[in-house]
Amino acid sequence: MSTPPAADPISALRQDHTGQTGRALEILSTVFGYDAFRGDQAEIIEQVASGGDAVVLMPTGGGKSLCFQIPSLLRAGTGIVVSPLIALMADQVAALEGVGIRAAYLNSTLDLDQARAVEQQLLAGELDLLYMAPERLVLPRTQELLGRARLALFAIDEAHCVSQWGHDFRPDYLGLSVLAERFPEVPRIALTATATEATHRELTERLRMQEAEHFVSSFDRPNIQYRIEPKASPREQLLKLITTEHEGESGIVYCLSRKSVEQTADALVARGIPALPYHAGLDAAVRQDHQERFLRADGLIIVATIAFGMGIDKPDVRFVAHLDLPKSIEGYYQETGRAGRDGQPSTAWMAYGLGDVVSQRRFIDTGEGSELFKRNARSHLDAMLALCETVSCRRVQLLRYFGQDSQPCGNCDTCLSPPQTWDATVASQKLLSALIRLDRERGQKFGSGQVIEVLLGRENQRSTQSRHDELSVWGIGEELSEKEWRTVVRQLLARGIIEAEGDYGVLVPGPQAAPVLRSETTVELAVDRTPQRAARGGGRRAAGASRAAESLEPAQRERFEALRTWRTSVAKEKQIPPYMVFSDATLVGIVDAAPVSVAELGAVSGVGAKKLAEYGEAVLEALPGAPVS
Ligand code: ADP
Ligand code: ZN
């Protein structure tokens with residue numbers, strides 16, 4: 001949190017508070033080493049730098065940070081960044097200091113003296129950016145402090161946390177509405193990677209951003225390959241994904257329960273794959289330690305509940321795997337969005353099965369919460385199921401959920417190998433009839449297991465006791481196997497043709513059942529695929545070879561690996577994550593450019609003035625051999 005030394009490459013830019021548009025570009029290139037703005041960045045920066053408010057909806061990895069960092073440098077005073085992620089603030093500040101920006105944070109990890117020192121820096125105008133959590137910001141003492149400081153702007157990061165409809169509601173965010181009243185002259189920018197219209201509307205209202213300009217980006221993440229496959233033996237499926245496609249790479253594995261987090265992490269470690277658990281049941285210090293190791297190491301896997309990941313901006317996460325069904329598309333998209341922030345090819349993979357549907361329905365039905373809350377939860381789950389069971393492009397469906405139209409993508413499992421479908425109208429009618437007969441003639445409702453036994457005409461204790469063999473539906477489904485029936489049940493649940501009810505997840509006809517029973521509609525279902533790699537042709541990559549380097553020739557790859565080794569040693573020495581030295585994408589850029597001078601190196605995207613001065617010579621030395629081309 002100290003001011004950078006005398007040769008501060010951006011001090012001149014900081015002095016001058018006029019002629020902003022051109023200077024934004026200058027900062028982009030001098031400080032961050034990039035040569036062009038992406039998407040709406042330029043317009044957003046212009047809007048905020050000139051004193052206006054902005055609401056920014058941009059997918060993870062889209063480049064939200066620059067949208068408030070650059071205006072904070074352009075405007076006089078300090079930019080206040082509101083973020084719920086205390087555990088990450090130190091890293092965020094270190095990354096900014098790494099490019100020469102004067103940044104600090106105020107949170108509960110600082111002792112009184114440290115906090116006082118930061119407050120002094122703020123009042124003395126020595127900070128470009130100051131991070132704090134919302135609960136701190138709304139304290140009267142903080143408000144008073146800010147009242148005495150010169151403020152460039154307020155940036156409200158993860159702004160969807162103010163939305164009660166959404167999946168990440170944090171009550172502290174509601175207090176942020178005071179900023180509009182208390183600091184009407186300070187521009188505000190709210191940012192989120194959650195894009196549903198409901199969330200957008202709610203955050204605009206609650207943060208009092210009605211006067212703001214709204215910037216809604218495309219939510220597509222073309223470098224992420226979306227794949228959802230039936231759950232058979234999930235841990236084996238996961239192992240296969242890792243060993244055949246992502247060996248030696250960083251990834252996040254999401255599980256629903258703490259227990260499955262622990263077991264999955266153990267299973268990976270037992271197979272020699274470095275993995276750490278992360279869930280709310282672990283000691284805070286252990287959690288923090290695991291998070292830090294994940295950020296700092298190359299090629300570590302974190303197995304986590306959804307408690308993990310918000311604000312993690314590790315750019316080289318190559319895969320996100322879900323071993324359980326997420327509760328909503330918003331959550332799924334945020335979680336999968338943590339893959340491939342550097343724009344390099346990445347995988348979002350999920351294994352999902354009948355059990356997921358039944359247990360989540362039960363969880364909602366029997367859980368706490370108002371009727372409204374439950375209704376919301378059910379509609380979130382329904383949308384998620386529809387995504388899992390779609391036979392058309394997953395990306396089209398995802399983007400449509402966020403109100404954006406698109407064409408089939410060619411980079412999801414359903415595009416790469418379109419599922420076969422079959423006419424399951426008769427099978428659906430048989431299943432529905434079985435439910436109806438069991439209920440009417442025996443007063444019984446069952447979960448999928450016993451219903452399938454009846455359809456297959458298999459005797460067991462329960463069917464003998466209740467004389468199920470005397471029902472007209474006994475054994476009418478022998479043309480399908482038990483496994484196929486489970487697939488049918490799962491897909492019919494997802495379409496609302498049947499529903500799972502109550503504590504035991506018993507099956508009943510759903511709202512969409514009537515037209516099926518009357519043969520007014522046909523039911524097309526997908527044939528479950530055997531799990532397989534849907535991917536880009538090529539087989540297994542050499543162990544340890546990074547996917548980011550996939551585009552490189554073998555000789556270039558050697559140079560890439562040399563740079564990676566150099567990066568690891570620098571990161572260790574400085575005790576920062578490797579990507580804060582340079583991202584994979586920047587390393588690939590360096591190998592491609594094959595610079596022979598510091599000046600040439602400076603032209604590579606991601607190499608700014610401070611890093612060039614700091615690392616330039618060392619990078620040139622680390623590059624082995626003559627450039628190939
Ligand atoms: P978000 O917060 O939207 O998830 P970040 O702000 O972390 O995204 O940006 C994602 C990555 O893209 C970072 O590595 C960032 O440095 C890089 N980036 C952002 N803007 C640009 C740009 N204009 N040109 C090149 N890279 C950029
Ligand atoms: Zn697709």
Side-chain angles (χ1 to χ4, degrees), residues 24-25 27-29 31-45 56-70 81 83 85 88 91-92 95-96 98-99 101 155 157-160 189 191-195 215 217-228 309-317 333-334 336-344 346 348 387 390-400 406-419 534-535 548 577-589 604-608 611:
L25 208 53
I27 292 177
L28 181 73
S29 95
V31 180
F32 297 95
Y34 300 134
D35 40 56
F37 284 114
R38 277 187 191 160
D40 294 334
Q41 281 176 332
E43 290 74 29
I44 298 166
I45 290 168
V56 174
L57 276 58
M58 204 186 266
T60 313
K64 285 186 285 301
S65 322
L66 293 186
C67 298
F68 58 83
Q69 289 166 351
I70 292 181
V81 185
S83 156
L85 308 161
L88 294 170
D91 269 359
Q92 285 167 335
L96 288 168
V99 298
I101 292 176
D157 207 4
E158 314 288 354
H160 62 281
I189 170 171
L191 311 103
T192 177
T194 292
F215 299 89
S217 306
S218 161
F219 266 69
D220 191 12
R221 297 287 310 280
N223 61 313
I224 299 181
Q225 183 177 86
Y226 295 95
R227 281 151 52 190
I228 301 177
M310 204 210 294
I312 294 282
D313 48 13
K314 186 173 168 62
D316 56 357
V317 175
Y333 209 61
Q334 289 254 348
T336 54
R338 290 166 191 149
R341 293 168 79 110
D342 55 9
Q344 305 292 322
S346 308
L387 174 71
T390 187
V391 291
S392 56
C393 175
R394 305 238 191 244
R395 195 179 312 265
V396 166
Q397 183 138 345
L398 277 166
L399 293 174
R400 193 184 305 127
S406 64
Q407 296 300 313
C409 71
N411 190 27
C412 70
D413 51 1
T414 51
C415 280
L416 288 165
S417 55
Y579 64 80
M580 276 189 201
V581 181
F582 285 122
S583 70
D584 280 3
T586 301
L587 294 191
V588 170
V604 173
S605 180
V607 185
K611 287 189 181 172

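Along the sequence shown, the residues carry numbers beginning at 1. Only a predicted model underlies this, so the values are computations on that prediction, with no experimental measurement involved. Atoms within each ligand, like the ligands themselves, are counted from 1 in listed order.
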Problem set entry | Beyond-backbone contact of Gln69 with Leu96, side-chain heavy atoms, under 4.5 angstrom | yes
Problem set entry | Donor-acceptor contact present, side-chain Arg221 to main-chain Thr336, <3.5 Å | no
Exercise. Which atoms of ligand 1 are found less than 4.0 Å from any heavy atom of Thr60?
Worked result: 4 (O)
For this session: Report the nearest protein non-hydrogen atom to atom 15 (C) of ligand 1: residue, atom name, distance rounded to 0.1 Å.
Result: Tyr34 OH, 3.7 Å
For this session: Could you find the nearest protein heavy atom to atom 20 (N) of ligand 1 and give me its residue, atom name and distance?
Result: Gln41 NE2, 3.0 Å
Problem set entry | Atom of Cys393, atom of Cys409 and distance for their closest heavy-atom approach | SG-N, 3.4 Å
Exercise. How far is atom 12 (O) of ligand 1 from its nearest protein heavy atom, and which residue and atom is that?
Worked result: Arg38 NH1, 3.2 Å
For this session: Check the side chains of Gln225 and Arg227 for a donor-acceptor pair under 3.5 angstrom, ignoring hydrogens and angles.
Result: yes
Problem set entry | Minimum heavy-atom distance between Lys314 and Arg341, given as atom pair plus value | O-CD, 3.6 Å
For this session: Could you tell me whether the side chain of Thr414 and the main chain of Ser392 form a donor-acceptor pair under 3.5 Å?
Result: yes
Exercise. Does at least one non-hydrogen atom of Gly62 fall below 4.0 angstrom from an atom of ligand 1?
Worked result: yes
Seminar exercise, completed: Of all protein heavy atoms, the one nearest atom 5 (P) of ligand 1 is Ser65 OG, 3.6 Å
For this session: Decide whether the shortest distance between a heavy atom of Ser583 and an atom of ligand 1 is less than 4.0 Å.
Result: no
Problem set entry | Any Ala36 heavy atom less than 4.0 Å from ligand 1 | yes
For this session: Measure the distance from atom 11 (C) of ligand 1 to every protein heavy atom, then report the residue, atom name and distance (to 0.1 Å) of the closest one.
Result: Arg341 O, 4.0 Å
Exercise. For ligand 1, is there an atom lying under 4.0 Å from some heavy atom of Pro59?
Worked result: yes
For this session: Check Val604 against Gly589 and note the closest heavy-atom contact, atom names and distance.
Result: CG1-C, 3.7 Å
For this session: Return the orientation label for the Tyr333 and Phe219 ring planes: parallel under 30°, perpendicular over 60°, tilted otherwise.
Result: tilted
Problem set entry | Taking atom 8 (O) of ligand 1 as the reference point, the nearest protein heavy atom with its distance | Gly63 N, 3.2 Å
For this session: May I ask you to test the Thr192-Glu158 pair for a side-chain heavy-atom distance under 4.5 Å?
Result: no
For this session: Enter the distance from Gln41:CD to Cys67:SG here, rounded to the nearest 0.5 Å.
Result: 5.0 Å
Exercise. Leaving waters out, which protein N, O or S atoms fall under 2.8 Å from the Zn ion (ligand 2)?
Worked result: Cys393 SG, Cys409 SG, Cys412 SG, Cys415 SG
Exercise. Taking only heavy atoms of Leu66, which atoms of ligand 1 are found under 4.0 Å from at least one of them?
Worked result: 19 (C), 20 (N), 21 (C)
Seminar exercise, completed: Of all protein heavy atoms, the one nearest atom 10 (C) of ligand 1 is Gly61 O, 3.6 Å
Exercise. Any side-chain heavy atom of Leu28 within less than 4.5 Å of one from Asp35?
Worked result: no
Problem set entry | Taking every non-hydrogen atom, the tightest pair across Asp342 and Ala585 | O-CB, 4.1 Å
